[in-house]
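Contents: one structure, followed by commentary.
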Amino acid sequence: MPIRTIVSVPEEVLRRKARPVTKFDDKLQALIDDMVETMRVAPGVGLAAPQVAVAQRVIVVEYYENEEAAEENEEDGEELPKRLYTVVNPEITRKSAETELGVEGCLSIPGINGEVERHLAVTVKGLNRRGQPLTLKLKGWTARIFQHEIDHLNGILFTDLATSIWKITPPVEGEEEETDDLHSRAE
């Protein structure tokens, strides 16, 4: 499973709507395997095919199935296993009325973070890697990750939705991380 290059802005593929997948062949399986490995090495919690220069509707997400238990275990020095999601042709079919602001970053926009308002819960329908239908009811941080990755499939970047954006300055040893506010936009 080769590691693929993650493309960065202003690559055009990041701004185009990705094509639906119609063939569940060996080429698709290799793409999915490569995306999972690339996401893990980056490291990231999600990756959309356009981020590896493939304009197809495929996302992979790897995060804790039970976020609250993961946080509790982390405090105890333990780490729970993560759940790997692979969704082909994903669509958000339901969104909660409740939203919240949260900080996001993106592997295709290195060194930048921003605050984005997202729905607290979503239902996602799509196909698994073998073409079988699936429905996921997601909440919290996992719902945020899915919304971010599905936006990629529609040519939308988190910076398009952010209420504020800032540059991340890597910390110098012994100092705290600094940020420079690049952009602030009123809702």
Side-chain angles (χ1 to χ4, degrees), residues 4 6-7 13-25 27-40 42-71 80-109 114-163:
R4 298 205 182 195
I6 296 173
V7 297
V13 69
L14 294 171
R15 289 303 194 171
R16 289 196 309 253
K17 188 165 183 162
R19 297 179 315 276
V21 172
T22 56
K23 291 183 182 178
F24 289 79
D25 55 10
K27 189 174 177 182
L28 175 67
Q29 302 310 314
L31 170 65
I32 291 168
D33 290 341
D34 293 353
M35 286 175 62
V36 169
E37 194 62 27
T38 301
M39 173 185 63
R40 287 175 175 163
V45 294
L47 192 67
Q51 292 182 272
V52 292
V54 177
Q56 289 190 302
R57 297 187 73 79
V58 178
I59 64 170
V60 294
V61 171
E62 190 168 47
Y63 199 65
Y64 302 102
E65 193 161 355
N66 183 338
E67 297 164 47
E68 291 169 8
E71 287 173 13
L80 286 182
K82 296 176 182 177
R83 177 169 177 197
L84 176 63
Y85 302 86
T86 299
V87 188
V88 178
N89 300 334
E91 297 295 334
I92 296 173
T93 58
R94 221 174 228 177
K95 301 174 185 177
S96 67
E98 302 83 24
T99 61
E100 77 175 352
L101 280 175
V103 176
E104 294 185 19
C106 182
L107 297 172
S108 292
I109 311 174
E115 265 197 324
V116 179
E117 189 165 359
R118 299 278 188 191
H119 297 276
L120 286 176
V122 295
T123 300
V124 174
K125 289 189 177 185
L127 305 170
N128 70 13
R129 67 184 298 157
R130 304 286 177 219
Q132 299 162 324
L134 60 80
T135 300
L136 300 168
K137 292 184 180 192
L138 307 159
K139 61 182 181 176
W141 191 250
T142 309
R144 177 175 293 277
I145 297 167
F146 270 82
Q147 290 170 81
H148 178 109
E149 299 309 329
I150 291 170
D151 278 350
H152 271 299
L153 302 180
N154 296 313
I156 299 167
L157 302 175
F158 85 92
T159 51
D160 300 334
L161 308 172
T163 56

Using side chain to side chain contact (heavy atoms under 4.5 Å, CB included) as the criterion, list what pairs up with Arg40, not counting sequence neighbours.
->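 If we apply the side chain to side chain contact (heavy atoms under 4.5 Å, CB included) test to Arg40, skipping adjacent residues, the hits are Val36, Glu62, Leu84.
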Identify the two heavy atoms, one from [X] and one from [Y], that lie closest to each other, and give their separation to 0.1 Å.
X      : Y      : result
Arg144 : Val116 : NH1-O, 2.9 Å
Ala53  : Val13  : CA-CG1, 3.9 Å
Ala143 : Val122 : CB-CG2, 3.9 Å
His148 : Gly105 : CE1-O, 3.3 Å
Ile6   : Ser108 : CG2-OG, 3.8 Å
Pro50  : Leu14  : O-CD2, 3.8 Å

Going from [atom1] on [X] to [atom2] on [Y], what distance comes out if it is rounded to the nearest 0.5 angstrom?
X      : Y      : atom1 : atom2 : value
Leu138 : Leu120 : CG    : CG    : 12.5 Å
Cys106 : Leu47  : SG    : CG    : 9.0 Å
Arg4   : Leu31  : CZ    : CG    : 5.0 Å
Arg57  : Glu149 : CZ    : CD    : 12.5 Å

Determine whether a donor-acceptor pair (N or O, by modelled atom type, separation under 3.5 Å) exists between the side chain of [X] and the backbone of [Y].
X      : Y      : answer
Thr93  : Val124 : no
Asp151 : Leu157 : no
Gln51  : Ala48  : yes
Thr38  : Asp34  : yes
Thr99  : Glu117 : no

Glu104 bridged to Arg118 by N-O distance under 4.0 Å |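 Salt bridge flag = yes for Arg118 with Glu104.
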Pairs flagged by salt bridge (Lys or Arg N to Asp or Glu O under 4.0 Å) wherever residues 127-138 is involved - sequence neighbours left out =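 Sorted result for residues 127-138: Asp33-Arg129.
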Without hydrogens or angle criteria, can the side chains of Asn154 and Arg15 be said to hold a donor-acceptor pair below 3.5 Å?
->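 Note: Asn154 and Arg15 side chains miss the donor-acceptor criterion.
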Does any donor atom in the side chain of His119 or Glu98 lie under 3.5 Å from an acceptor atom in the other side chain?
->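 Glu98 and His119 do not have a side-chain donor-acceptor pair below 3.5 Å.
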May I ask you to check whether Tyr63 and Tyr85 place their ring centers less than 6.0 Å from one another?
->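 Ring centroids of Tyr63 and Tyr85 are no less than 6.0 Å from each other.
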